[in-house]
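Each remark here refers to the structure printed beneath this line.
Below, each value reflects all heavy atoms present in this structure, side chains not excepted, and no hydrogens, waters or symmetry copies. Whatever order the structure lists ligands and atoms in, that order sets their numbers, starting from 1.
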Amino acid sequence: MKHFPVFLALEGRRVVIAGGGEAALAKLRLVLKTEARITVIAADPAPELESLAAEGRIALIERAMEPGDALCAALFYAAHDDDAEDARTAALAKADGALTSWVDNLENSQFITPAIVDRDPVTVAIGTEGAAPVLARAIKADLEERLPAALGPLARIGKAFRRRAEALAKGRKRRDFWSDYYFRAGPEAMTRGEAAVEPALEDLLSRHLAEAPREGHVAFVGAGPGDPELLTLKARRLLHEADVVIHDRLVSADILELARREARLVSVGKEGFGPSTPQDEINRLIVAHVLAGDQVVRLKSGDPTVFGRLDEEIDTCTEAGADYSIVPGITAASAAVASLGQSLTKRERNSAVRFLTGHDMKGFAEHDWKALARPGEVAAVYMGKKSARFVQGRLLMHGASAATPVSVVENASRPDQRILATTLASLPDDLARAALKGPALMLIGLAPRAAETIISEEIAL
Ligand code: SAH
């Protein structure tokens, strides 16, 4: 971060703007929102400046800037649409001790003015350190749309009501009250005029005080394969509302970012052959939080109903009388097959697809190998990295062609996704050579649709 954002108290302080044209006016309109004492210095001021001076809103000095003009100024803007004059006046202002900014000249500015979303007293400042003004504008437009126009007055009225709201228990109770105010009751009352807002707050407070606390609940949520954009809207909302997020190690950091800052994040890592939290311990943890009244998100990679030991967790909840729901997610097989440009099913090739696990509690998992060995069959093998040789042996033994295509997708949907395109004959050797470290899904019977050879060369096997 090259520029540190701060909110400067400008009440009663001096701000000097040098320049009398469009650039100066643009900055002036922003500074006029504050309670600063503003001086504009311009040899040839625009008529708008003259009238602002006549109204007493700015002091106007109608000449070129001179040494001492920026004395005691907190901020100085050089805004001439003329580089030489900007350089001259900025040097003068610096000598006078002001923090200076040249309009549209990042390198020579001591500070820059962010894009601003103004819902006074709520102010959002957006900066890109000059890298992408277009992006700043897009973010601004997005926020302008999302933040209720009446947020300013709502925040002011809300602030005065904070003490009263302390009657509600700290934490979720109070948060629910404020979110109800800002996003529902407040804007609704505002349509009847500002005077309707305070009575609406009173009303809302008595309703929230009377309400029984929300019961604890656990949502078994699918986090998808890793790309945060592959989360469902529901998953996003629940993550945002959760008091506690109990997540697998496979869930990516980008997704955990979506939880509230105050939420407790508990990692109950389970890695195929690595360190893991015993399932009983996970079950116990979920139930304890739900019974304590927490809104729990049990976040599982992919879809929670696919190789996720979901039933064991649900059974424990049912036994303990803990309320639960299931939110599906995109399973790894869907993300992996998408990366190949293929479908899981295809007319006249395969009318069924199987999701297999490479190993189960007893070791390598047995399957209907005879059926899987038939030409055109497609199977998605989860947790299959270690079982490649076993799977290969079983399939060949049951008559599968050695040339059957096999694709292994590591880190599907993530920035470090890799695709290994091989055949049943070379699978174990290619896999060993590729030394995949991330989660990988094996698709038997499918090759990448395009440029197969390029893909396998690219990963330099
Ligand atoms: N519930 C998950 C699967 C959990 S089992 C789902 O629906 O996807 C864990 C296995 O899923 C891993 O061993 C790996 O085979 C697969 N997997 C999970 N995320 C993956 C990813 N991003 N890319 C490839 N495989 C993944």
Determine, for Lys437 against Asp416, whether the closest basic-nitrogen to carboxylate-oxygen distance falls under 4.0 angstrom. no
Per the under 4.0 Å non-hydrogen criterion, ligand 1 touches Pro225, Leu250, Ser301, Gly302, Asp303, Val306, Phe307, Thr331, Ala332, Tyr382, Met383, Val409, Asn411, Ala412, Arg414, Pro439, Ala440, Leu441
Step by step, work out the salt bridge (Lys or Arg N to Asp or Glu O under 4.0 Å) result for Arg389 and Asp429. CA-CA 9 Å; Arg389 195 168 293 282; Asp429 293 341; 3.2 Å; yes
Could you tell me if the side chain of Gln342 sits less than 4.5 Å from the side chain of Leu443, heavy atoms only? no
With a 4.0 Å cut-off on N to O distance, would you call Glu129 and Lys2 a salt bridge? no
Basic-acidic side-chain contact under 4.0 Å: Arg146, Asp142: yes
Quick one: sort the Phe177 and His208 rings into parallel, tilted or perpendicular, breaks at 30° and 60°. perpendicular
